[in-house]
2 protein chains.
Amino acid sequence: MLTEKDKQAFQDYLTQEGLKFSEQRMQILEIVLQGVKHLTANEIYKNVQKRHPGIGYATIYRTLRLLCEAGLCVELKCEDGICRYEHAADDVHHDHLICTKCGRFVEVVDPQIEKLQDKLFKDNGFLPQRHRMELYGICRQCKK
Amino acid sequence: MLTEKDKQAFQDYLTQEGLKFSEQRMQILEIVLQGVKHLTANEIYKNVQKRHPGIGYATIYRTLRLLCEAGLCVELKCEDGICRYEHAADDVHHDHLICTKCGRFVEVVDPQIEKLQDKLFKDNGFLPQRHRMELYGICRQCKK
DNA sequence: TTGATGTTGAGAATCGTTATCAAAAGATAC
DNA sequence: GTATCTTTTGATAACGATTCTCAACATCAA
Ligand SMILES: [Zn+2]
Ligand SMILES: [Zn+2]
Ligand SMILES: [Zn+2]
Ligand SMILES: [Zn+2]
């Protein structure tokens with residue numbers, strides 16, 4: 001799911017900030033924006049190492065920060081204290097259903113809930129910024 | 001807000017588990033179940049130290065775990081990675097509005113949202129267990 | 001008193017993440 | 001090409017919240 005557009009967007013961001021594109025950054029971009037989602041830094045590290053042995057954790061974290069700053073990637077602070085990273089799909093917000101047995105992440109959006117959340121903000125005099133909603137349960141596969 | 005009932009409930013839990021009541025555990029119970037809510041372990045530590053100098057972090061964390069197990073206290077894993085502890089008010093669930101400027105916590109419940117969350121679980125084949133919803137914004141005082 | 005068991009607090013360990021810094025890589029000027 | 005400047009890299013140390021370890025201590029029943 002790594003499009004030429006994403007690659008270009010990252011390039012543009014780097015240029016704009018006076019930074020450079022590199023082999024390592026390319027590898028990390030590919031892993032993070034590829035199909036598998038909600039990867040931890042460690043999972044990304046292991047994946048990148050297959051193709052670029054010798055990569056360091058520092059480079060992983062630095063690049064992840066750049067990707068987030070460029071708006072291509074979102075960091076999820078999960079309950080287990082480990083951050084996961086996922087492709088930021090064109091500013092379309094979503095929340096998560098998480099299986100407590102197998103760790104599966106399912107992305108969900110409920111426009112009604114979003115509206116009610118805004119109402120909660122307003123009713124309490126808050127200026128809305130963002131929110132996080134995680135629904136923990138047991139998925140179909142794990143129920144069996 | 002520390003009721004005799006809570007104290008008794010903790011005593012009962014300890015007895016049932018073959019554990020003992022102690023001065024330190026009493027101090028922590030009082031701090032956590034008192035008015036001020038959503039305290040970090042460090043805040044609890046500093047509060048307890050006023051009345052019981054020499055208390056150790058290990059005792060704070062151990063007692064907090066006991067309080068959670070006894071169902072008297074709930075641990076909130078916050079976005080900043082620091083856990084906060086609050087009085088578990090008779091199994092009445094609530095979510096949080098959090099001010100990103102001053103850190104104020106406002107407790108909210110929206111029965112409609114709760115229903116829609118259940119629907120999300122069901123629609124995706126999940127067995128519901130629990131959820132977490134945090135709304136981040138800027139509170140009335142901080143907006144001015 | 002003695003033994004058994006539970007509690008405590010100092011300090012070490014854990015672990016995800018961040019900071020440090022010298023070496024390497026790239027770009028630019030000459 | 002070489003010199004110079006800037007950025008990137010990865011090994012390693014540091015960080016900070018939490019947990020573990022363990023010897024000293026408290027409690028209580030026999
Ligand atoms: Zn599952
Ligand atoms: Zn997602
Ligand atoms: Zn505020
Ligand atoms: Zn609360």
Side-chain angles (χ1 to χ4, degrees), chain A residues 10-29 31-32 38-70 73-86 103, chain B residues 10-29 31-32 38-70 73-86 103:
Chain A
F10 193 33
Q11 290 251 28
D12 290 350
Y13 176 78
L14 292 174
T15 307
Q16 169 198 322
E17 297 290 317
L19 304 176
K20 292 166 185 166
F21 209 59
S22 72
E23 177 57 21
Q24 288 95 323
R25 287 179 179 170
M26 183 59 191
Q27 299 286 347
I28 296 164
L29 177 70
I31 297 295
V32 177
H38 310 102
L39 294 173
T40 63
N42 183 45
E43 286 165 344
I44 295 164
Y45 171 78
K46 284 187 293 186
N47 267 294
V48 174
Q49 237 186 8
K50 285 179 199 159
R51 284 192 277 168
H52 192 106
I55 187 92
Y57 270 104
T59 303
I60 302 287
Y61 281 108
R62 275 187 296 237
T63 306
L64 286 171
R65 185 187 305 165
L66 288 175
L67 286 172
C68 288
E69 286 168 0
C73 169
V74 169
E75 182 187 81
L76 286 177
K77 302 223 175 180
C78 294
E79 261 202 353
D80 57 9
I82 304 174
C83 290
R84 277 144 233 264
Y85 299 86
E86 62 173 336
Chain B
F10 193 33
Q11 292 251 27
D12 290 349
Y13 176 77
L14 292 174
T15 307
Q16 169 198 320
E17 297 291 316
L19 304 175
K20 293 166 185 167
F21 210 59
S22 72
E23 178 57 21
Q24 288 94 325
R25 288 180 178 170
M26 182 61 192
Q27 299 286 347
I28 295 165
L29 176 71
I31 298 296
V32 176
H38 311 103
L39 295 173
T40 64
N42 183 44
E43 286 165 344
I44 295 164
Y45 171 79
K46 285 187 292 187
N47 267 295
V48 174
Q49 238 187 8
K50 285 180 199 159
R51 285 193 277 168
H52 193 106
I55 187 92
Y57 269 104
T59 303
I60 300 287
Y61 281 107
R62 276 186 297 237
T63 305
L64 286 171
R65 183 186 307 165
L66 288 176
L67 286 172
C68 288
E69 286 167 0
C73 169
V74 170
E75 183 187 79
L76 287 178
K77 301 225 177 181
C78 295
E79 261 202 351
D80 58 7
I82 305 173
C83 291
R84 277 144 234 264
Y85 299 85
E86 63 174 334

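Below, chain A is the first sequence line, B the second, and so on; all start at residue 1.
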#### Entry: pair B/Leu67-B/Tyr13: side-chain heavy atoms closer than 4.5 Å
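Not in contact.
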Grab the [atom1]-[atom2] distance between [X] and [N] for me, whole Å please.
{"X": "A/Tyr57", "N": "C/dG16", "atom1": "OH", "atom2": "P", "result": "8 Å"}
{"X": "A/Lys77", "N": "D/dA17", "atom1": "NZ", "atom2": "P", "result": "13 Å"}
{"X": "A/His52", "N": "D/dT9", "atom1": "NE2", "atom2": "C1'", "result": "9 Å"}
{"X": "A/Ile55", "N": "D/dT8", "atom1": "CD1", "atom2": "P", "result": "13 Å"}
{"X": "B/Arg84", "N": "D/dA17", "atom1": "CZ", "atom2": "P", "result": "11 Å"}
{"X": "A/Leu39", "N": "C/dG16", "atom1": "CG", "atom2": "C1'", "result": "16 Å"}
{"X": "A/Ile60", "N": "C/dT18", "atom1": "CD1", "atom2": "C1'", "result": "14 Å"}
{"X": "A/Ile82", "N": "C/dT18", "atom1": "CD1", "atom2": "C1'", "result": "17 Å"}

### Task
From the options C/dG16, D/dT18, C/dG9, select the nucleotide whose nearest atom is closest to the side chain of A/Tyr61.
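Selected nucleotide (nearest to the side chain): C/dG16.
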### Residue-phosphate contact under 4.0 Å: A/Gln24 side-chain N/O, C/dA25 OP1/OP2
no
### Task
Check whether any side-chain N or O of A/Ser22 sits under 4.0 Å from OP1 or OP2 of D/dT9, and answer yes or no.
yes
### Query
Taking for each residue the nucleotide of DNA chain C bearing the nearest heavy atom, is the 5' side occupied by B/Glu17 or by B/Ala58?
B/Glu17
### Message
Can you classify the ring geometry of B/Tyr45 versus B/Tyr57 as parallel (below 30°), tilted (30 to 60°) or perpendicular (above 60°)?
### Response
parallel
Minimal non-hydrogen separation, [X] against [Y], with atom names:
{"X": "B/Glu75", "Y": "B/Cys68", "answer": "N-SG, 4.1 Å"}
{"X": "A/Arg25", "Y": "A/Lys20", "answer": "NH1-O, 2.8 Å"}
{"X": "B/Glu43", "Y": "B/His38", "answer": "OE1-O, 4.1 Å"}

### Message
With nearest nucleotide decided by heavy atoms, which residue, B/Arg65 or B/Lys20, maps closer to the 5′ end of DNA chain D?
### Response
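Counting from the 5' end, the first nearest nucleotide belongs to B/Arg65.
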### Query
Is there a donor on the side chain of A/Arg62 or the base of D/dG10 sitting less than 3.5 Å from an acceptor on the other?
yes
